[in-house]
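Heads up: the structure comes next, in structure tokens.
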Amino acid sequence: QVQLVESGGGLVQAGGSLRLSCAASGRTSSSYPMAWFRQAPGKEREFVAVHVWRTFVTSYADFVKGRFTISRENGKNTVYLQLNSLKPEDTAVYYCASAPSDSSMSYYYSPTFYRYWGQGTQVTVSS
């Protein structure tokens with residue numbers, strides 16, 4: 001089992017920044033891909049970014065490119081999501097997710113690929 005704990009959400013004005021953290025514990029592996037998804041009220045959970053630990057490959061949803069950055073702290077099972085230039089439409093609960101296996105990049109965009117999920121952290125951006 002893998003446990004994921006997110007932190008760092010909050011209320012911020014448009015144009016502001018936040019840094020989300022996701023700490024993984026349990027049966028983690030350096031090859032596990034770790035991703036961020038988000039879900040706004042009344043909407044489906046959507047892919048935000050993924051970091052593949054083994055290859056250090058990252059990928060982002062088109063709507064966040066240039067604004068958000070996913071990164072990993074060397075030697076720690078922690079992944080971060082730096083949110084810059086936030087917009088009101090970024091308001092959502094942000095979830096960290098991990099999978100127990102590696103795969104091709106196309107699988108990483110779907111929430112069904114991930115087995116482990118954190119509890120989520122709320123990000124609210126005011127206009």
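Quick note: residue numbers are just sequence positions, from 1. Worth knowing before you read on, the calculation uses all heavy atoms, side chains too, and leaves out hydrogens, waters and symmetry mates. Please read all numbers here as calculations on a predicted model, not as lab measurements.
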>> Run the side chain to side chain contact (heavy atoms under 4.5 Å, CB included) test on S59 and Y108 for me, step by step, so that the C-alpha distance in whole Å, both residues' side-chain angles and the decisive distance to 0.1 Å come before the verdict.
In response: CA-CA 9 Å; S59 182; Y108 297 153; over 6 Å; no
>> So F63 and E46, do their side chains get closer than 4.5 Å, heavy atoms only?
In response: yes
>> Please report the interatomic distance OG(S17) to CZ(R67), rounded to the nearest 0.5 Å.
In response: 10.5 Å
> Are R45 and F37 in a cation-pi contact, defined as NZ or CZ under 6.0 Å from the six-membered ring centre and within 45° of the axis?
Replying inline: no
> Looking only at heavy atoms, which two atoms of G9 and L20 are closest? And how far apart?
Replying inline: N-CD2, 3.6 Å
>> Looking at every heavy atom in both A99 and Y114, which two are closest together, and how far apart are they?
In response: N-CD2, 3.8 Å
> Which distance, rounded to the nearest 0.5 Å, do you find between the CZ of F113 and the OG of S101?
Replying inline: 4.5 Å
> When clusters are formed by joining ILVMFWY residues with side-chain heavy atoms under 4.5 Å apart, either directly or through shared neighbours, do Y80 and V5 land in the same one?
Replying inline: no
>> Please give me the minimum heavy-atom distance between P111 and W117, naming the atom from each residue.
In response: O-CZ2, 3.4 Å
>> Tell me whether T91 contacts the main-chain N or O of V125 through its side chain, where contact means a donor paired with an acceptor under 3.5 Å.
In response: yes
>> Restricting to non-hydrogen atoms, name the atom on L18 and the atom on Q82 that form the minimum distance, rounded to 0.1 Å.
In response: O-NE2, 3.5 Å
> Can you name the closest pair of heavy atoms from A92 and A40 and give their distance?
Replying inline: CB-N, 3.8 Å
> At their closest point, which heavy atom of V50 faces which heavy atom of M105, and how far apart are they?
Replying inline: CG1-SD, 4.0 Å
> Which of these, Q1, M34, Q3, sits in a side-chain contact (heavy atoms from CB on, under 4.5 Å) with Y116?
Replying inline: Q1
> If only atom types and distance count, is the side chain of E6 paired as donor or acceptor with the main-chain N or O of G120 below 3.5 Å?
Replying inline: yes
> How far apart are the C-alpha atoms of D90 and R38, what are their side-chain angles, what is the distance that settles it, and do they pass the side chain to side chain contact (heavy atoms under 4.5 Å, CB included) test?
Replying inline: CA-CA 9 Å; D90 294 319; R38 69 184 188 183; 2.9 Å; yes
> Distance from T78 atom OG1 to L4 atom CG, nearest 0.5 Å?
Replying inline: 10.5 Å
> Atom OH in Y60, atom CZ in F47: separation rounded to 0.5 Å?
Replying inline: 9.5 Å
>> How long is the straight-line distance from CG of L83 back to CZ of F68, given to the nearest 0.5 Å?
In response: 4.5 Å
> Just wondering, more than 12 heavy atoms not from Q13 lying within 6.0 Å of its CD?
Replying inline: no
